[in-house]
Novice: 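Structure incoming, see below.
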Amino acid sequence: MVKLSKKLLFVFLFVFSLPHSIFSQNPKQIHLHYYIHEIVLGANISSVVVTKSSNHPYTTRFGEVTIIDSKVTETPEFSSNEIGRAQGIYTHTSQTQFSLLMSYTLVFTNEEYNRSILVVLGRNPYVKQPLKEMLIDRGIGKFWLARGYALMSSASSNAKICFIDLLNNIKS
């Protein structure tokens with residue numbers, strides 16, 4: 001029993017020390033700039049409300065959950081080159097103001113970062129702040145164990161602009 005506990009402790013310590021040793025090897029900084037096109041009406045919608053709250057005023061939409069699978073492009077034009085998809089969940093989490101908890105993965109499909117993924121998480125106070133800060137909570141592929149932040153703003157009624165600043169070890 002004691003031998004098994006020592007082995008489990010060693011495995012636990014190894015796994016949790018791994019990310020630190022990886023980041024201490026001269027991580028590179030990357031800046032990304034992209035547009036998320038969220039379509040809420042029409043034939044090709046990319047944002048669907050799956051849960052509505054029936055017992056709370058519509059002003060905050062508290063309890064409402066929306067699923068997204070939106071096109072991500074290099075420029076604000078919907079017809080521009082698609083570099084990936086933003087796939088995830090928006091949840092209305094405040095009872096007193098219109099605000100979202102946004103959790104989505106940025107799945108890259110372009111040649112440079114194909115099959116790489118970033119996880120974006122954060123609070124979006126929607127109208128109150130023109131620029132929203134989000135957390136980059138890891139990634140895979142070329143963004144393996146990336147950490148950083150994203151700044152999001154509305155570029156138009158359908159497109160959100162996102163600037164990402166990453167610190168990670170780029171895999172080539």
Side-chain angles (χ1 to χ4, degrees), residues 11-12 14-40 42 44-51 64-93 99-126 129-172:
V11 169
F12 179 81
F14 174 76
V15 168
F16 282 97
S17 66
L18 185 62
H20 181 301
S21 64
I22 291 169
F23 281 125
S24 63
Q25 300 173 2
N26 300 323
K28 298 177 184 176
Q29 194 165 11
I30 302 172
H31 304 282
L32 299 172
H33 180 193
Y34 63 88
Y35 295 81
I36 299 173
H37 298 272
E38 192 172 335
I39 302 169
V40 296
N44 297 317
I45 61 172
S46 64
S47 174
V48 177
V49 175
V50 293
T51 303
E64 187 173 299
V65 177
T66 303
I67 305 294
I68 65 159
D69 181 8
S70 300
K71 182 178 179 178
V72 177
T73 63
E74 294 176 339
T75 68
E77 291 77 32
F78 186 77
S79 60
S80 69
N81 188 28
E82 182 174 323
I83 61 168
R85 306 290 296 183
Q87 299 170 330
I89 300 172
Y90 298 167
T91 307
H92 293 263
T93 55
S99 126
L100 304 169
L101 168 64
M102 299 174 71
S103 174
Y104 67 92
T105 54
L106 182 58
V107 182
F108 288 91
T109 56
N110 63 339
E111 190 174 325
E112 184 177 7
Y113 300 119
N114 192 25
R115 297 174 53 197
S116 296
I117 296 173
L118 289 172
V119 178
V120 181
L121 176 68
R123 183 173 183 269
N124 180 348
Y126 212 66
Q129 297 174 345
L131 198 60
K132 290 90 174 169
E133 288 182 298
M134 308 282 227
L135 168 71
I136 301 295
D137 187 34
R138 305 289 187 239
I140 60 172
K142 289 195 176 184
F143 300 117
W144 192 64
L145 292 180
R147 57 186 172 169
Y149 66 93
L151 297 174
M152 184 177 285
S153 177
S154 293
S156 70
S157 59
N158 292 339
K160 294 178 183 70
I161 184 171
C162 195
F163 300 94
I164 290 186
D165 210 0
L166 293 176
L167 190 61
N168 76 325
N169 288 336
I170 305 272
K171 293 166 109 182
S172 41

Novice: Is there a side-chain contact between Ser46 and Glu38 in this structure, where contact means two heavy atoms from C-beta onward sitting under 4.5 Å apart?
Specialist: yes
Novice: Can you check whether Phe143 reaches Ile136 side chain to side chain, under 4.5 Å on heavy atoms?
Specialist: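 Phe143 does not reach Ile136 side chain to side chain.
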Novice: Please determine, by modelled atom types, if Ser79 and Glu77 share a side-chain donor-acceptor pair under 3.5 angstrom.
Specialist: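 Glu77 and Ser79 do not have a side-chain donor-acceptor pair below 3.5 Å.
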Novice: Are the side chain of Lys142 and the backbone of Glu112 linked by a donor-acceptor contact shorter than 3.5 Å?
Specialist: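 Pair found, side chain donor or acceptor close to backbone of Glu112.
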Novice: Measuring from atom OH of Tyr90 to atom OG of Ser99, what distance do you get when rounded to the nearest 0.5 angstrom?
Specialist: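 It is 13.5 Å, given to the nearest 0.5 Å.
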Novice: With rounding to the nearest 0.5 Å, note down the distance linking OG1 in Thr93 to CG in Asn124.
Specialist: 9.5 Å
Novice: Going by heavy atoms in the side chains, are Tyr113 and Ile30 under 4.5 Å from each other?
Specialist: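 A side-chain contact exists here, since the closest heavy-atom pair is under 4.5 Å.
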Novice: How about CD on Glu82, more than 12 heavy atoms from neighbouring residues, nucleotides or ligands closer than 6.0 Å, or not?
Specialist: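 It does: Glu82 CD has more than 12 such atoms within range.
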Novice: What I'd like to find out is whether the side chain of His92 reaches to under 4.5 Å of the side chain of Leu100, using heavy atoms alone.
Specialist: yes
Novice: So Leu118 and Phe108, do their side chains get closer than 4.5 Å, heavy atoms only?
Specialist: yes
Novice: Strictly by modelled atom types, are Ser80 and Glu74 linked by a side-chain donor-acceptor pair under 3.5 Å?
Specialist: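 Side-chain D/A pair, Ser80 to Glu74: absent.
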Novice: Taking the side chain as everything from C-beta on, heavy atoms only, tell me whether Leu121 gets closer than 4.5 Å to Met134.
Specialist: no
Novice: Taking the side chain as everything from C-beta on, heavy atoms only, tell me whether Arg123 gets closer than 4.5 Å to Leu101.
Specialist: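 Counting from C-beta outward, Arg123 and Leu101 never come under 4.5 Å.
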Novice: State the CE-OH distance between Met152 and Tyr34, to the nearest 0.5 angstrom.
Specialist: 5.5 Å
Novice: Under 3.5 Å, is there a donor-acceptor pair between the side chain of Thr73 and the main chain of Phe78?
Specialist: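 Side chain of Thr73 to backbone of Phe78: no pair is present.
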Novice: I'd like to know if the side chain of Thr105 and the backbone of Gln87 have a donor-acceptor N/O pair within less than 3.5 Å.
Specialist: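 Here the side-chain-to-backbone pair exists.
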